[in-house]
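What you see is a predicted model; the values in this text were computed from it and never measured.
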Amino acid sequence: MLRLHAYQYHRPHVLDEALGLLAEHEGDVMPIAGGTDLVPNMKHRLFTPGHLVSLRSVPQLRGVEQTDAGLRVGACETLDALAQDPIVLERFPSLAHACSLISGPQLRRMGTIGGNVCLDTRCTYYNQTEFWRQALGYCLKKDGTLCHVVKAGTRCVAAHSADAPGVLMTLDARLHVSGPMGPREIAIDELFTSDGIWNRRMEPAELLVSIVLPWPEKTARFSFQKLRSRNAIDFPLLNLATTANFAEDGTVLDMQMVASGMGSYPRRIGKIEDAAVGNRLTDSVIDAIAQQAYRQCHPLDNMIVDKDWRRSMVSVLARRALGELAH
């Protein structure tokens, strides 16, 4: 049986109190919201903080509110709540769809949108018990000096395995973050880095407070595609989020496509507008965009499924997404 280590649990009721606890115990503390990913990782001894700061009773991290700037979503809103929220379903259907596909029903009722955005990267050689990892000599991400994915590699390439961030990138979301230096706002495109050990530009003592989604154009169409071994619960092997605006005659005005689940951060697919803008999504246009996505995506052996098959599925998911947008 995998047991948790000893730690001290804190339950603040205001944001400043939570931030103060994170600053006070910096280096030996972690925030916990739903805990659906953190607790299993603690059992695997991937994290062993001496203090946990619960965010569930902090009202500033809750709520879904319509504003002039867009829809404000508190970071501790659950995935299940967003998957069923009427405004999210109507105006941001790809986000609702992505949230509805994360893990299983019980975990969606506990897991939060902020936790999904800040989800730790995953790897075949990292997300294992301590006994398993010790037998292999550990890895770059935890306790070791060797990357088992890229031999002689000096940089961790654990995979970004969250579902919501790719969608949020296609929605031009902005993140409100708060920490010891005060609040700040950043575009979600600026959040992620290529470092698989810590792949986001946030300090450990900072918290994601809320996400603001600008209101989309009325001509916008959305798609979210997810590939996984078991549709019931598994982490993604590949995600593809797509958003496009259309003219009255059905031609594409602009398009965004983001792939995740391969490297340490979600990746925008570039140059797709060369084939899409000014054209209808005919079979030939869809094929050109799908091939462009395939050329830019290169999965690594950081998951249990063959990387060449995962790459082949990029164009398959792209065709499915574009087919949805076309109709």
ask   = Should we count NZ of K151 as having more than 12 external heavy atoms under 6.0 Å?
value = yes
query = Would you say R310's side chain and L237's backbone share a donor-acceptor pair under 3.5 angstrom?
reply = yes
message = Does anything in residues 150-200 form a ring-ring contact (aromatic ring centres under 6.0 Å, His included)? List the pairs, not counting sequence neighbours.
response = H160-F192
message = Show the nearest heavy-atom pair for residues V149 and D301, with the distance to one decimal.
response = CG2-O, 3.6 Å
query = Do Q225 and E324 have side-chain N/O donor and acceptor atoms under 3.5 Å apart?
reply = yes
query = Given the rule in the side-chain hydrogen bond (donor to acceptor under 3.5 Å, both in side chains) test, do S54 and Y9 qualify, once you have shown the distances and angles that lead to the verdict?
reply = CA-CA 7 Å; S54 172; Y9 184 80; 3.2 Å; yes
ask   = For G179, does its backbone N or O pair with a side-chain atom of E206 as donor and acceptor, under 3.5 Å?
value = no
query = Taking everything shown except D249 itself, do over 12 heavy atoms lie less than 6.0 Å from its CG?
reply = yes
Donor-acceptor side-chain pairing of S57 and R11 below 3.5 angstrom = yes
remark   = Between M255 and the options I269, L322, V277, T243, the side chain to side chain contact (heavy atoms under 4.5 Å, CB included) test singles out L322
key: Lys NZ or Arg CZ of R122 over F235 ring: under 6.0 Å, within 45°   = yes
task = Using a cut-off of 6.0 Å, state whether more than 12 heavy atoms not belonging to D283 lie near its atom CG.
result = no
request  = Just jot down the side chain to side chain donor-acceptor pair (under 3.5 Å) partners of S284, sequence neighbours excluded, or say none.
outcome  = T282
Rounded distance (nearest 0.5 Å) linking atom CG of L140 with atom NE2 of H148 = 8.0 Å
task = Check the side chains of K141 and T121 for a donor-acceptor pair under 3.5 angstrom, ignoring hydrogens and angles.
result = yes
request  = Could you tell me whether a side-chain N or O of D143 sits under 3.5 Å from a main-chain N or O of C139, the two making a donor and an acceptor?
outcome  = no
remark   = Here the pair of heavy atoms bringing G34 nearest to T112 is N-CG2, 4.1 Å
